[in-house]
Amino acid sequence: MIDYQLLSLAVVLLLSVLASKLSDRFGIPALVLFLALGMLAGSDGLGGVAFDDPVLTQFLGVAALSLILFSGGLSTTWREVRPVLGLSATLATLGVLITALAFGVFAHLVLGLTIIESLLLGSIVSSTDAAAVFSVLRSKNVSLKGSLKPLLELESGSNDPMAALLTIGFVQMLSQPDLSTTSLVLKFALQLPVGAVAGYVMGKVIINLVNHIKLGYEGLYPVLTLSLVLLGYSVTSLIGGNGFLAVYMAGIIAGNNNFVQKRTLVRFHDGLAWLMQIALFLVLGLLVFPSKLVPVIGLGLLAAAWLMLIARPLSVFLCLWPTKLRLREKLFVSWVGLRGAVPIVLATFPLLAKTPHAEFMFNIVFFVVLASVMVQGTSLTLVARWLGLDAPMVAPRTFPIEYNPDSGFKSELKELTVPDGSPVIDKSLVALRLPPGFLVMLIARGTEYLVPGGGTTLEAGDTLLVLADEEALARVEVQFRAETSPLGMPEPGSESGSESESPVQAGH
């Protein structure tokens, strides 16, 4: 019997990997295909697997989301997200609250739920999914201009804690009517700051422990970080903080510092995050009974339309109203509101608490997520091009040099691309007066690799493999950069090729 179970597991995982190739080829979000596989394997599908265990689903969901968020933080470059930190934080907190309130109005007036139930449903669907957004963009080889991508990545990675906080709070209000409002508000006020502080401490602990424990086997380092992530989430939650925010913050802290086996650990957690996404979406697909979705198709379509066309745009325009972002940028941020695994996982909380209309809410949430990903996910590329915000996707290179950072060495191996309009184009390396501590090791040009010398002239599109400390790298990045607007987008009519645009060169 166990042989057949292992065979089924292997086939499902293999089909999930092949499904990701279909996603890349046809632009269908991978999570939709994973969910579809789970639904096909379920009791209403061809597999006939009977699965109806919200407890196990929630346990897997929380563990999987913790690991996915940590991996997302680990791959977040602080230099890229720092300029949009304020905007992202506003969207991830106030934006989530506005979305929950706006959707709650619809749920109360159209779905006939009570005010608290409506706010609970709005809270469940209030967060976005970064993995779905950028898997679609990568599938069409399209990137985004300026800092739109880090803005959306940081917002999507950091808005889950707020959604979870609101969801748990409204579930408690429904399941514990005698709960003091004052104590609930106090709990809300403490969760995010406690989670942020715990995440910072956890990130520092990971760095120091990995650097100083000196394990005898390299294969134990991934086990160590895996245990620390789960420990960090659980301890933070037990002391009253938000565990999701803690693991995401810990990932950012760790990812932007050097530690032993960093390259290996980043790859491990990236692969683990994909495995967690596959497992999570498959289980969620198993948990849903397609036959029960049929009665809510009409209401589900209305709910999805309200979320995409009213609630999300309202929150984005209110949060970004005082900024200098242009209308087309705000429109695109509004459209990038894909709902993913988080709302479905959060929908298991009222199921476990046995709140009124919990099953109806779960089916609505599942349908809203599916409709959102299918409509918005398949149209993101077209919308980006229509608004003039797309840019060619630069395929990642595999350099013939492997570098494993050590705690005693501050420099890192980084890639630096010469953008169109950069003031360093047609200049030799020696003419750039590169700062001490900045070493150009290789230059990738087209399909060739050049070993650079002082007289090597740079061309647009060159990718430099450099060994540098953080300060030197930041200076050279400014020197390479074309003139940009506050969000990193070329200014209309700017002459982005002149030497006067480079503050570093102007200083010379």
Looking at residues at least two apart in the chain, or sitting in another chain, which of them share a side-chain contact (heavy atoms from CB on, under 4.5 Å) with A89?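 Applying side-chain contact (heavy atoms from CB on, under 4.5 Å) to A89 gives none.
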
Side-chain contact, heavy-atom cut-off 4.5 Å: [X] with [Y]?
X    : Y    : result
I68  : F244 : no
T323 : K330 : yes
L351 : T57  : no
N159 : L91  : no
L307 : R339 : yes
Y233 : L67  : no
L120 : F349 : no
E459 : I425 : no

Sequence neighbours excluded - ring pair (Phe, Tyr, Trp, His ring centres under 6.0 Å) pairs with any residue from residues 294-326: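 Found F106-W306.
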
Going by salt bridge (charged side-chain N to carboxylate O under 4.0 Å, His left out), name the residues that satisfy it together with [X], two or more places apart in sequence or in a different chain.
X    : value
E117 : none
R79  : E477
E471 : none

Could you go through the side chain to side chain contact (heavy atoms under 4.5 Å, CB included) check for V383 and V336 one step at a time? CA-CA 10 Å; V383 173; V336 185; over 6 Å; no

When rounded to the nearest 0.5 angstrom, what is the spacing between [atom1] in [X] and [atom2] in [Y]?
X    : Y    : atom1 : atom2 : answer
L152 : F332 : CG    : CZ    : 6.5 Å
Q58  : I344 : CD    : CD1   : 14.0 Å
L65  : Q277 : CG    : CD    : 9.5 Å
L119 : T114 : CG    : OG1   : 8.5 Å
T167 : L121 : OG1   : CG    : 9.5 Å
L464 : L429 : CG    : CG    : 6.5 Å

Listing request: all side chain to side chain donor-acceptor pair (under 3.5 Å) pairs with a residue in [range], at least two apart in sequence or in separate chains.
range            : value
residues 359-375 : K292-E359, S372-Q376
residues 65-74   : none
residues 81-97   : none

[X] and [Y]: which non-hydrogen atoms are nearest, and at how many Å?
X    : Y    : answer
V247 : F70  : O-CD1, 3.5 Å
D420 : A460 : OD1-CB, 3.5 Å
M441 : L467 : SD-CB, 3.9 Å
I443 : V440 : CG1-CG1, 4.0 Å
L74  : A254 : CD1-CB, 4.0 Å
F362 : A347 : CD1-CB, 3.6 Å

For L432 and L458, what are the C-alpha separation, side-chain angles and deciding distance, and is it a side chain to side chain contact (heavy atoms under 4.5 Å, CB included)? CA-CA 10 Å; L432 297 181; L458 297 181; 3.7 Å; yes

Can you tell me if CZ on F360 sees more than 12 non-hydrogen neighbours from other groups inside 6.0 Å?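 Counting neighbours around CZ of F360, more than 12 heavy atoms of other residues, nucleotides or ligands fall under 6.0 Å, so yes.
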
More than 12 heavy atoms of other groups within 6.0 Å of I115 CD1: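 Not more than 12 within 6.0 Å, no.
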
Show me the side-chain donor-acceptor pairs of residues 96-103 shorter than 3.5 Å, one per line, residues at least two apart or across chains.
unit_1, atom_1, unit_2, atom_2, d
T99, OG1, G95, O, 2.9
T99, OG1, S315, OG, 3.1

Is it the case that T128 and S156 place a side-chain donor and acceptor less than 3.5 Å from each other?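 Yes, a side-chain donor-acceptor pair sits under 3.5 Å.
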
Between I168 and Q191, does a side chain to side chain contact (heavy atoms under 4.5 Å, CB included) hold up when you go through it step by step? CA-CA 11 Å; I168 294 172; Q191 277 221 352; 5.7 Å; no

N257: partners by side chain to side chain donor-acceptor pair (under 3.5 Å), with sequence neighbours left out: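 Checked N257 against side chain to side chain donor-acceptor pair (under 3.5 Å); zero matches.
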
Would you please name every residue forming a side chain to side chain donor-acceptor pair (under 3.5 Å) with W335, sequence neighbours left out?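 Side chain to side chain donor-acceptor pair (under 3.5 Å) list for W335, sorted by chain: S379.
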
Would you list the pairs meeting salt bridge (Lys or Arg N to Asp or Glu O under 4.0 Å) in which at least one residue belongs to residues 310-320, sequence neighbours left out?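 Those involving residues 310-320 are E155-R312.
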
Decide side chain to side chain contact (heavy atoms under 4.5 Å, CB included) for L272 and M276; before the verdict, give the C-alpha distance in whole Å, the side-chain angles of both, and the deciding distance to 0.1 Å. CA-CA 6 Å; L272 184 62; M276 289 296 100; 4.3 Å; yes

